[in-house]
Amino acid sequence: MSDEPRETPSNFIQDIIREHNASGRFGGNVITRFPPEPNGYLHIGHAEAISIDFGMAQEFGGRCHLRFDDTNPTKESQEYVDAIIDTVRWLGYDWGPHLYYASDYFEQLYAWAVQLVKAGKAYVDDLTPEQMSEYRGTLTEPGRESPYRNRSVEENLDLLHRMRVGEFDDGTRTLRAKIDMASGNINLRDPVMYRIRKATHQRTGDAWCIYPMYDWAHGQSDSIEGVTHSICTLEYEDHRPLYDWYLDQLGVHHPQQIEFARLNVSHTVTSKRKLLELVEQELVSGWDDPRMPTLVGLRRRGYTPEAIRDFCHRVGVAKAAKVVDIAFLEHCLREDLNRRAERRMAVLRPLKLVIENYPEGQVEALEAVNNPEDPAAGTRKVPFSRVLYIDVDDFRDPAPPKYFRLSPGVEVRLRYAYIVKCTDVERDSSGQVTTVRCTYDPDSRGGDSRGRKVKGTIHWVSASHSIPAEVRLYDHLFTVPKPDDVDEWRSILNPNSLEVVRGARLEPALAGVPPGSIFQFERQGYFCVDLRESTPARLILNRTVGLRDTWAKIEGKG
RNA sequence: UGGGGCGUGGCCAAGUGGCUAAGGCGCGGGACUUUGGAUCCCGUAUUCGGAGGUUCGAAUCCUCCCGCCCCAACCA
């Protein structure tokens, strides 16, 4: 990977692995896995998990598997499998030949279930879901044992077999582990191992009508694959005793489960339910809407895999719940884009600027640097002529204090072109400025101020040479840092999270750039050609993230 | 009233009994600048949830207290 750990602090998972390596517990092997359920799109929170799973393996010379936890056919689909594979790959991770599915292990899991039944450690229960809930007890009261708990091994074996061959209806019976109905840990109150679901599975078809629960499948899948460190989020901490119990009963290879706090990013939601709600209620345009915290959304927004990986890396790994400021994500993005994005000029809201003393019909090709951070990016020619467009934001009459841009009587530099002085302004009947008139200094070609102090430099495009584009300006989806804390979270949706600017004008070098290309529009921000809707005939660009805007801060303070 | 975790500046996060409590983000100030970008400086916790205790010495050990998160799907 190109982005090696930089100012990344050590973390407790590394400590644990080092201890294992020192004691020889896993013979120095470090095998991890990223185990998504194919029932939704991956989001920024998953990116950290992926980063840790693959990162730890990489750091210790091991490997990481991609395994789908596809144990619930009623919620999963091949579409999600494909999307997840595509996204993890896009992020830059490689699992080599180690692509697995929990469903690959169904037969083995069943054999193990039979083994537990024979050992008197599992039984078929006839309780209905409602009854089972009643029998489970509460957080503070112990549960009660099911009346079916003490069936004979023979009867359990027979019933389990008949569950498998489809003799019983959905929900009528389950196979349960016989552990402890009085445990303070509810996961140990005879957890369900198999439930009946007469559903077609995307990979196993109709071969099965009983499907393993997560707990019954996960640890054993890890074990089969030889996983050494099963890294997961904190909510599974309570499940570890069960993870350990199953593996111990079976007497098979026993990985170490390690839990860390999941990553949350401010101004976003990542719960599946809320993300789905945003999509279904058309509050966003889809899972890949550039405002979504999904990885497909971030990708379409213009985020690079490098920036996301760097972010996950730098955020750190710990066990304390965290909500990282989205400003930090944006910082990592800008840092990456600053060094790789070529510069271009684009005028989002055009204001005509006429240079009175510039010869009518003359055109000059002025040289502009493509990327000041990368000399190898070279230069390009930008056409300059008598009639230009500048951004409406770059002209003010009167000029407010500390405003360095154009205003009547004031000189400003046109980036890579000439120094111009505003001599006149034309307005429409409502007083709106329609045209700014200037004179230019022919001796300042290229923007050379020749000892003079010119405070401002503004960007421009030649009116007749520029090309049109639609530019979509994105902002945070939510107006508050922690949308999850607000009950009616839709009331805190940012009404300005998307602003469509239709009449933008771009320098001609931008003609024909392919979808996905990223540029910095000088003085404004980073923009990418939309992956989904942009066409050569109708260019659409997304603002990935703005540049740091010191002027906005000054002005904001009044 | 059960079980499992977690509490270091606005947000992350090092620190694992001993120099003045790393670093990043953010924020404030300055330098530089043909992007008010980038870069570069400087500043930003007398104190580690609180109270006691152990110790020559504690964010680090002990005790009690407070706060926050997760768990009662035939979801993962």
Side-chain angles (χ1 to χ4, degrees), chain A residues 6-11 15 35-37 39 69 71-72 74-76 125 127-129 132-133 136-143 170-176 182-189 191-197 210-211 213-215 217-218 232-241 259 261 263 266 272 314-332 334-335 338-339 343 345 369 372-373 402-405 413-417 419 444 446-449 454-459 481 520-525 546-554:
Chain A
R6 303 192 313 196
E7 56 246 19
T8 308
S10 63
N11 69 58
D15 296 340
E37 182 189 15
N39 72 339
D69 250 323
T71 56
N72 187 355
T74 62
K75 294 187 173 176
E76 301 155 4
D125 198 351
L127 252 28
T128 65
M132 197 180 291
S133 177
R136 187 155 28 234
T138 68
L139 292 179
T140 53
E141 303 157 28
D170 284 9
T172 54
R173 281 177 230 263
T174 56
L175 181 73
R176 291 229 257 168
S183 175
N185 182 344
I186 291 175
N187 293 303
L188 262 19
R189 317 241 262 229
V192 171
M193 295 165 63
Y194 278 104
R195 74 290 214 186
I196 301 171
R197 284 274 183 288
I210 57 172
Y211 291 95
M213 298 290 289
Y214 163 86
D215 288 300
H218 198 89
C232 59
T233 46
L234 248 30
E235 61 266 36
Y236 291 102
E237 210 151 22
D238 282 348
H239 294 244
R240 180 155 31 95
E259 312 85 9
L263 167 68
S266 76
K272 229 156 238 176
R314 292 218 254 165
V315 149
V317 183
K319 296 191 74 162
K322 61 180 160 224
V323 180
V324 177
D325 195 329
I326 195 167
F328 185 49
L329 211 208
E330 293 173 340
H331 166 81
C332 294
R334 287 194 188 98
E335 202 169 86
N338 176 52
R339 57 179 170 240
R343 274 57 170 174
M345 291 198 282
V369 172
E373 306 295 322
K402 293 183 183 164
Y403 185 77
F404 301 157
R405 284 111 98 148
R413 173 172 27 249
L414 296 177
R415 179 79 158 154
Y416 295 126
I419 290 170
S444 63
D448 185 357
S449 54
V454 177
K455 264 298 207 182
T457 298
I458 64 174
H459 56 94
Q520 181 196 103
F521 287 173
E522 295 234 10
R523 304 205 307 128
Q524 303 185 85
L547 249 27
R548 262 190 70 216
D549 191 348
T550 308
W551 166 243
K553 272 179 197 163
I554 294 170

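Naming: A, B, ... by sequence-line order, numbering from 1 per chain.
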**OP:** Check whether any side-chain N or O of A:Thr233 sits under 3.5 Å from a backbone N or O of A:Glu235 as a donor-acceptor pair, and report yes or no.
**Re:** no
Original post:
Would you say the side-chain atoms of A:Arg195 pair up with the backbone N or O of A:Asp170, donor to acceptor, closer than 3.5 Å?
Top reply: no
**OP:** State whether the distance check finds a donor on one side and an acceptor on the other, under 3.5 Å, for side chain A:Thr457 versus base B:U34.
**Re:** no
Original post:
Across the strands shown, which category fits A:Val454 at heavy-atom distances under 4.0 angstrom: base, sugar-phosphate, nothing?
Top reply: nothing
**OP:** Determine whether any donor atom in the side chain of A:Glu237 lies under 3.5 Å from an acceptor atom in the base of B:G3, or the reverse, and answer yes or no.
**Re:** no
Original post:
If you find the nucleotide of RNA chain B closest to A:Thr550 and the one closest to A:Arg240, which residue's nucleotide is nearer the 5' end?
Top reply: A:Arg240
Subject >> Same-atom distance (P) from B:G52 to B:U39, integer angstrom >> reply: 46 Å
Original post:
Under 4.0 Å: is that the gap between some side-chain N or O of A:His331 and OP1 or OP2 of B:C25?
Top reply: yes
**OP:** Could you pull out the closest heavy-atom pair between A:Tyr211 and A:Arg197, with the gap in Å?
**Re:** CE1-O, 3.2 Å
Subject >> Nucleotide nearest A:Asp448 when distance is taken to its side chain, options B:A38, B:U35, B:U34 >> reply: B:U34
Original post:
Does any nucleotide pair with B:G67 by Watson-Crick or G-U wobble geometry, both distances under 3.5 Å, and what is it?
Top reply: B:C6
Subject >> Pairing partner (Watson-Crick or G-U wobble, both distances under 3.5 angstrom) of B:C27 >> reply: B:G43
Subject >> Letter per nucleotide, 5' to 3', of nucleotides 68-76 of chain B [B base touched, S only sugar-phosphate touched, - untouched; heavy atoms, 4.0 Å] >> reply: --BBBSBSB
Original post:
To the nearest angstrom, how far is A:Glu373 atom CD from B:U39 atom P?
Top reply: 7 Å
Original post:
How is A:Gln520 classified with respect to the nucleic acid when contacts are heavy atoms under 4.0 Å: base, sugar-phosphate, or nothing?
Top reply: base
Original post:
Can you tell me how far C1' in B:A73 sits from the matching atom in B:A22, rounded to whole Å?
Top reply: 45 Å
Original post:
How many angstroms lie between atom NZ of A:Lys319 and atom CG of A:Asn11, to the nearest 0.5 angstrom?
Top reply: 12.0 Å
Subject >> Stacking of A:Phe328 on B:G26 base (centres under 5.5 Å, planes under 30°) >> reply: no
Original post:
Which one, B:C12, B:U35, B:G4, comes nearest to the side chain of A:Val324?
Top reply: B:C12
Subject >> Separation of the P atoms in B:C19 and B:G30, to the nearest angstrom >> reply: 36 Å
**OP:** Indicate, with a heavy-atom threshold strictly under 4.0 Å, whether A:Arg405 touches base, sugar-phosphate, or nothing.
**Re:** base
Original post:
Does A:Arg413 reach the main-chain N or O of A:Ser444 with its side chain, forming a donor-acceptor pair under 3.5 Å?
Top reply: no
**OP:** Could you let me know what B:A21 is paired to, Watson-Crick or G-U wobble, both distances under 3.5 Å, or none if it's on its own?
**Re:** none
Original post:
Between OG of A:Ser183 and CZ of A:Arg189, what distance do you get to the nearest 0.5 Å?
Top reply: 7.0 Å
Subject >> Partner nucleotide, any strand, of B:C61 [Watson-Crick/G-U, under 3.5 Å] >> reply: B:G53
Original post:
Touch check for A:Ile554, heavy atoms < 4.0 angstrom, all strands: base, sugar-phosphate only, or nothing?
Top reply: base
Original post:
Between A:Ala318 and A:Arg413, which is nearer to the 5' end of RNA chain B once each is assigned its nearest nucleotide?
Top reply: A:Ala318
**OP:** Keeping the roles fixed (side chain from A:Lys272, backbone from A:Asn39), state whether a donor-acceptor pair exists under 3.5 Å.
**Re:** no
Subject >> Residue A:Ala320, side-chain atoms from C-beta onward, closest of B:C6, B:G36, B:C25 >> reply: B:C6
Original post:
Can you name the closest pair of heavy atoms from A:Ala320 and A:Ala261 and give their distance?
Top reply: O-CB, 3.4 Å
Subject >> Sole candidate of A:Val317, A:Val315, A:Val323 that passes side chain to side chain contact (heavy atoms under 4.5 Å, CB included) when paired with A:Leu263 >> reply: A:Val315
**OP:** Determine the Euclidean distance between corresponding C1' atoms of B:U33 and B:C69; express it in Å to zero decimal places.
**Re:** 48 Å
**OP:** Find the partner of B:U34: check Watson-Crick (N1-N3 plus N6-O4 or O6-N4) and G-U wobble (N1-O2, O6-N3) distances, both under 3.5 Å, and reply none if neither fits.
**Re:** none
Every protein N/O within reach of nucleotides 27-29 of chain B N/O, cut-off under 3.5 Å:
from  : atom 1 : to       : atom 2 : distance (Å)
B:C27 : OP1    : A:Lys553 : NZ     : 3.1
B:C27 : OP2    : A:Lys553 : NZ     : 3.4

Original post:
Would you call A:Lys75-A:Glu37 a salt bridge at under 4.0 Å N-O?
Top reply: no
**OP:** Would you indicate, yes or no, if B:G36 has its OP1 or OP2 atom less than 4.0 angstrom from a side-chain nitrogen or oxygen of A:Lys455?
**Re:** no
**OP:** Write down the distance separating the P atoms in B:A38 and B:C27, rounded off to the nearest Å.
**Re:** 11 Å
Original post:
Going by distance alone, is a donor N or O of one side chain under 3.5 Å from an acceptor N or O of the other, for A:Asp69 and A:Thr71?
Top reply: no
